[in-house]
Every structure is written in structure tokens, then in C-alpha cells.
Amino acid sequence: MSQLIKHNTIVADDWTRVIPPTLGDEVVRKQAGKIVLFKLHGEETFSQAQIDATDIPATGKIILPLPVWIARKATLGTRMAAGEIGILVATHEPIEHLTEAFPDLNVLPLIAVFVERFADGRNFTIGNWIRTRYHFKNELRAVGDVLRDQLFFLKRSGYDSYLIRADRNAQEAIASLNDFKQPYQGATDDVPVWRRLNRSQL
Amino acid sequence: MYKYDAIDQTIVDERVAQYRDQTRRYLAGELSDDEFRPLRLQNGLYIQRHAPMLRIAVPYGMLASKQMRKLADITKKYDRGYGHFSTRQNLQINWPKLEEVPEILAELATVEMHAIQTSGNCIRNITTDQFVGIAPDEVVDPRAIAEIMRQWSTFHPEFALLPRKFKIAVSGTKEDRAVVQMHDIGLEFFKDSANELRIKVWVGGGLGRTPILGTVIEESLPWQHVLSYCEAIIRVYNIHGRRDNSYKARIKILVKALGIEEFKKQVEAEWSHLKNGSLTITEAELNRVAQHFDQMPYETLPVHDSSFDAAVASNPAFAAWVKRCVHAHKQTGYRAVTLSLKPHGKPPGDITTEQMHVVADLADAYSFGELRASHEQNLILADVKLSDLFAVWEKARAAGLATPNIGLLTDIICCPGGDFCSLANAKSIPIAEAIQMQFDNLDYLHDIGELELNISGCMNACGHHHVGHIGILGVDKDSEEWYQVSIGGKQGNDASLGSVIGRSFAADEMPSVIQKLIEVYVQQRTPEERFIDTVRRLGLAPFKAHVYGEKEAA
């Protein structure tokens, strides 16, 4: 059963996410005695060795991490032209890395934003930028620790597809896309409510 | 007072339904503790030492009498017959059951109230001066903008999961009473030379573990741009604020790390995309919201009232109360009244169910049915006629709400501390009570004069100890409760952070330590000086010498 929500329904996912291998032991970082759960803005996502060792399937629609695309794009031109490549950015990756690699984001059929922990709200700003600043028109997908109670915010931040975490009920999660009918503030999907409606007539 | 329309009411009703379902899923095991935590926190629900604590929002401190009655009913039905006003103008109840919180929210929604974003890593309740709209020194009534900002920040999709909590305060007076410099964003409204409404924007203030006063990022922002400018600030913070260490995650750390120039540069770059967009507030929208805060239907009254003057002259207890608890009003013949929630020997800020009903009745009878909560944890009747003050005093006194100590040493700001809060290192309420009992002589208290004493049970600083003229901080030393004392902190336009006087003290030493600090002041003061002035003039040394001297010598 697919975990992908799009257009208020569960749909089949025809994209395959390419994930670089873990090489050696993962380093657990600590700050103030606690395990660090979030990567800092600008922190490296994958080592060169990981990127080199990444197995890219020869056919089909694939979602590539941005650093993998940047390092290995020379061999992927025809597939990009065929619309078979989507790009994944992580919440700590500077948006400029994406927009420098793709001055026109609309060459991409899909951009996925990966959130490692649901409590990392950077994905909301990134979604907003991708839609309003860089005018991306195609599919913007939330992947990673994507849970029902963040869906309404993700929707308003410009996302239009949501890959719900594997252990959660995606069908039930759909309801939360519509938790509020008339939100107050403007966002990527609408202007502030007082510009939307004539409140003095209510 | 802002009144909900169908949009506002639908949002709080939808919120109740949403939170009811989140609670159901948590209790059914469909949400883990970690996943439920931000959801309940954004609804003001903490899991505390003994039970959950629910923090109910009182936007910019304004309450209607019917809301106060509902709060009273809730404290009776779901709690133990009392509530606690916090230093952010909200009301906390200490004993609700987790599974009953959706019911409490449903009851609150019937009187246009909620607990939205009273905690969690999001934009919190926007606070202001308790004398807003009536203060003689007010330049601009900031409530309409505060309400517009409340709506803008409620379920803001981009800022739902920030690196850390985010507090905004607004002020429209010459003499700042909203402590704008200790907020993540402080907005100080003023009129420029062309009589245009402008905002001085402070950023990066905050107390807690690393107390820092805010820095001015924008001297003169046209009011129309306040939302887009705040979005630009918070957007830079959302992306760049530290998420690897919660102790370094507030915006103040980012501003300090980048420096205000670089931070401002990034904000301006962001703002250039947002400015003049749909976030620009229109004159029509400001006017629509401002109508809710129109001037009250004041009567035309003389400057003096003979019955009031006679009562002051003949009744020293009433006169003492008038001196401390009655405040100037811009409307002739009216006064504002502070109902003290600081009776000596009781937890500061606490109020019983019965007192809440008395306060609601007083508001209905004497103050147009409205109330305010102050960040000093007292309640205010904002619009009382001079001729009614005696009746208000008699009724307030009968209910234990007329301790004449506002602005004095026993008007202590105090967090719930180790008695309730699971974050606390030490108890704070018993310290406050012991100090109040030490200074239970009203004549002595009035002679000491204006003095702000603030107590926090841990370095999260909910009791604002850094800006107390005397600040007390509970610390943990080898699992024992100790108290660190600082002096010289101050809120207001000339805000400052206090300095620690030396090694910390055991709980039972605290009343005598405060006594010694006061002795130095009483001995050294000039006739015009308040405690804080003497500290600023003399520095720490004489206070230190007297507090530690004898013991060190012996």
C-alpha cells in the first residue's frame, strides 16, 4: 500500500528515492550532553565517498539527493531531459545550492524536501521559498519524518504531495490537510483572511 | 475588547476538534510521547511534577468578566479551586487531567478563549502594558496591531516549529512597561515628526540561561509593514537558528553570533521580497480591528470627588491602598486599580475560584465589564470612577485583593517553582512567602518604597529575576536547593540586568539576606532615591560587605 498523499487521496508512487550508502560507523554527535538531532545549516550531508558509492538505478524515475546530482550529473543529462530525475534537498542544505544548480527550477518535474525529524520546521520556509521566490510549478513533496499533524502547515507552505512515514496510517492522515477552513494569515496558498473575505460583513 | 467574528470562532472550534483527536490518538498509542509533546505544548499543556499544567491564553492580558467567570468555573470543575496568573499575562491551572483538556478547551471556546501557542517552539502570546488604552503617557494604543499580530501568528504555517520559543511584546507608551527589550521581538510604537505611526523594532532580547537585552534592528518602521518585517526576522531565524542545542537556540544567540549588522543585512534581504506584498496591513483593516478597542463610554466627570477626598483624609488604610494600587488615567475623574494577587504569605499570582467571581463582579459593577492581567501577576480594573474607589476597595479588601503593596518589596514576581514545575531547580513560592512575612509591617514596607523583587526557580527565568531590582535564582548544588541573589536589574526604558552579589544561600537564610540588603539601602539612601537608584550609585560593594561581612569575619 502506498504511503503517498496527493490531491487529497492515496496514490501510487512511481518515483524511487536514491539513498547514498552509510559507510563505516555513524558518528553520534552530542551537545550539552544530549544527542544532536538536527544538522546545522550548511553542514555537509554526504561524504565524497558516499556520493561515489551511491548506486543509481539505470532506468525509471528517480529522486536524487542534490549533492549526488551535482557530483554525477555529467552522466545523467539524457535522463534529466526525459523528466526522469527529481531532486531531494535536506532541511539544512542552503537553498542557494539548489537554485545555483537549477537556475530555472521548473526543469525539474519534482523537488522533494527531506525532513529528518518532524520537529524541524525549516522545511516550511524552504517550501515557501521554492514556491514564492523561485516560482516552482511542479510537484513539491515532503519526505522523511512526515506525520499527520504537520500536513496542514506543509500544505500551506507550498507542498502538494506527502510521503507519510511508513509506520503511520496515510489514509487517516488525509483528514488533517483540512484541519482549518479559513486560516488567518497569508501563505503560499492564499492571502490573509482579511484580504480574502470582507470581515466587516460577517 | 476584541470580539470574535465567525472566522475567529470557527478557528477555535476547529482547534478543539483537532486537539481532541490528537489527545485521542495519543491515548490510543498512535502518537509517541515525543510526537505528542510539541502538539500538547502548542496547546499549553505541560506534564509537570504532580500533574499536567494547562496554560490558558489571555491575549495581551485583556479579559472580559464573562471570561473570568468561565475561568473560575473551570478552576472549580477541573482543578482545585484556584488558578495562577503568569508573568506572560496568561492563566495557569495546575491540576487538570490530560484526558479532560479537550473538554476544558471546548468550554473556553464558548467564551472566545483558547490555549493556542501558550507554549512550544512557536510564536507565543503577544504581551503588552497592562495600562494600554488608558495610560496618560500613552502615545499609541497598540492593541489593534497586537490583535492583528495575534491572528497572523495563530497557526502560522511557516513558523509552527521554530528552533525555540518566540516571544513578542508591544508597547505604545513613553515609559515602557511591557519590557520590550527582553523579548525576541519588541515593538515600541511612536509618532514621528510628521505624526505618522512608526515602530522601533528591538530584536534578540531574552532572559533564561543567557540573559541579553534586545538590540534595535530598525529605528522607524512604518506600521503597515510590521507583519512582513517580523516574517523576515523569523524566517532568517527559522533557517539559521541553532537546532543542535536547545540552550543556544533562541534568536538572541543567533543575533549575537552574527552581530546585529549582519543579522539586519540578512533580514533586509529577506524583507525585500516580502515588503509591499499581501502582508502589508491596510488602513481599512487597522480601522476594522481598532473599532473593537474604541474608547469606553466615559462620563464627563469633575477632576475631584469630595467623597473620595474625604475617605482618603479620614481612612489611613484606604489612603495607603490608593497610594499603591490606584493609578492615573487619561480620562478625567477615572482611575485604574490594581487588585493585588500578592497577599503576604500566599503564592504570588494565585487566585481562588471565589476571588475570580468577585473580580468579575467588580469589573461588571465598576469597570465596563473588563479586566487586565499584568506581567507582574496582578489584575487591573482599568476604568473606575473616583467616586467608586471606596466601594471597590471595601469589596476587594473583603476578598483579600487589596493588599496595598503594588510596586513594593512584597509585590513579588514569582514563577511556580519546584512545588509544581518539573524544570525547576528549587522552590520559589516558599521563598516569596517567607520574604513577605519578614516584611509584613506595612509602614516599614511603604518606607522602603518602590522595589521590585523577582524570583525564578531555575535559569529559565520565568520569574524574570534578571530584571528585578533584587533578583533571586534557585540553583541546584549537589541536589540541594540554594539561592543566588543579584541586585541592580531593572525593567523599563533604562532596563538593565542584575549582578550576582556572591555565593548562594540556603532557603532559611533568604529573609535575612533581603533584610540586610534593605538595611544598606535605608542607611545610604538620599531622600529621593529608590533602592535601584542607590544600587546604581553605590555599586555592589557596600551591599556585599553587609550581607557577607559578619559571617566572613567570624
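When reading the values below, keep in mind they use all heavy atoms of this one structure, side chains included, and skip hydrogens, waters and symmetry mates. Sequence lines set the chain letters: A, B, ... in the order given, protein chains first and strands last, and positions in each chain run from 1.
- In terms of heavy-atom pairs under 4.5 Å with chain A, the best-connected choice from Leu39(B), Asp34(B), Ile148(B) is Leu39(B).
- Neither the backbone nor the side chain of Asp167(A) has a heavy atom closer than 4.5 Å to any heavy atom of chain B.
- Here the straight-line distance linking atom CZ of Phe153(A) with atom SG of Cys122(B) works out to 8.5 Å at 0.5 Å rounding.
- Within the 4.5 angstrom heavy-atom criterion, only side-chain atoms of Leu197(A), from C-beta onward, approach chain B.
- For His156(B), the parts sitting under 4.5 Å from any heavy atom of chain A are the backbone and the side chain alike.
- Neither the backbone nor the side chain of Ser228(B) has a heavy atom closer than 4.5 Å to any heavy atom of chain A.
- Only one option out of Arg25(B), Gln42(B), Gln18(B) pairs with Asp149(A) in a side-chain hydrogen bond (donor to acceptor under 3.5 Å, both in side chains); it is Arg25(B).
- In this structure, CG in Leu31(B) is found 8.0 Å from CG in Leu147(A), a value given to the nearest 0.5 Å.
- If you tally non-hydrogen atom pairs under 4.5 Å between each of Asp8(B), Asp13(B), Ile234(B) and chain A, the highest count goes to Asp8(B).
- Looking only at distances, a side-chain donor or acceptor of Arg168(A) sits under 3.5 Å from a matching main-chain atom of Glu30(B).
- By the 4.5 Å heavy-atom criterion applied to side chains, Leu40(A) and Arg243(B) are not counted as neighbours.
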### Task
Walk me through it: do Ile239(B) and Ile126(A) pass the test side-chain contact (heavy atoms from CB on, under 4.5 Å)?
CA-CA 8 Å; Ile239(B) 290 292; Ile126(A) 292 168; 4.2 Å; yes
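- Distance OG/Ser200(A) to CD/Glu285(B): 9.0 Å, rounded to 0.5 Å.
- Inter-residue side-chain proximity for Phe155(B) and Arg156(A) is flagged as unmet; no heavy-atom pair is nearer than 4.5 Å.
- Side chain of Glu14(B) to backbone of Lys181(A): a donor-acceptor contact under 3.5 angstrom is found.
- Counting heavy-atom pairs closer than 4.5 Å to chain B, the top residue among Phe124(A), Phe152(A), Phe38(A) is Phe124(A).
- Under 3.5 Å, the side chains of Trp129(A) and Glu270(B) contain a donor-acceptor pair of N or O atoms.
- Between Arg148(A) and Asp21(B), at least one side-chain N (NZ, or NE/NH1/NH2) sits under 4.0 Å from a carboxylate O, which counts as a salt bridge.
- You'll find the side chain of Ser153(B) stays beyond 4.5 Å of the side chain of Tyr184(A), heavy atoms only.
- Neither the backbone nor the side chain of Gln201(A) comes within less than 4.5 Å of any heavy atom in chain B.
- In this structure, chain B has a heavy atom under 4.5 Å from the side chain of Arg133(A), while its backbone stays farther away.
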### Chi angles and distances behind the side-chain contact (heavy atoms from CB on, under 4.5 Å) call for Asp244(B), Lys39(A)
CA-CA 7 Å; Asp244(B) 60 328; Lys39(A) 290 196 176 69; over 6 Å; no
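- By the neighbour-count criterion of 12 heavy atoms within 6.0 Å, atom NZ of Lys265(B) is sparsely surrounded, having that number or fewer from other residues, nucleotides or ligands.
- Defined by atom type and a distance below 3.5 Å, a donor-acceptor pair is present between the side-chain atoms of Thr125(A) and Glu158(B).
- Side-chain contact between Pro157(B) and Gln185(A) is present, with heavy atoms from C-beta onward closer than 4.5 Å.
- Note: Thr282(B) leads Asn121(B), Val289(B), Thr282(B) in heavy-atom pairs under 4.5 Å with chain A.
- Comparing Val193(A), Val191(A), Asn128(A), Thr132(A) by how many heavy-atom pairs each has under 4.5 Å with chain B, the most go to Asn128(A).
- The neighbour count for Lys256(B) NZ, taken as heavy atoms of other residues, nucleotides or ligands under 6.0 Å away, does not exceed 12.
- Open room surrounds NZ on Lys248(B); 12 or fewer heavy atoms of other groups in view lie less than 6.0 Å from it.
- Judged purely by atom type and a 3.5 angstrom limit, Asn238(B) uses its side chain to pair as donor or acceptor with the backbone of Gly121(A).
- Glu35(B) and Arg117(A) are not joined by a salt bridge, as no carboxylate oxygen comes within less than 4.0 angstrom of a charged side-chain nitrogen.
- Separation of atoms CZ (Arg199(A)) and CG (Asp5(B)) is listed at 4.0 Å; rounding is to 0.5 Å.
- Between chain A and the residues Leu162(B), Leu279(B), Ile7(B), Thr10(B), the largest count of heavy-atom pairs under 4.5 Å involves Ile7(B).
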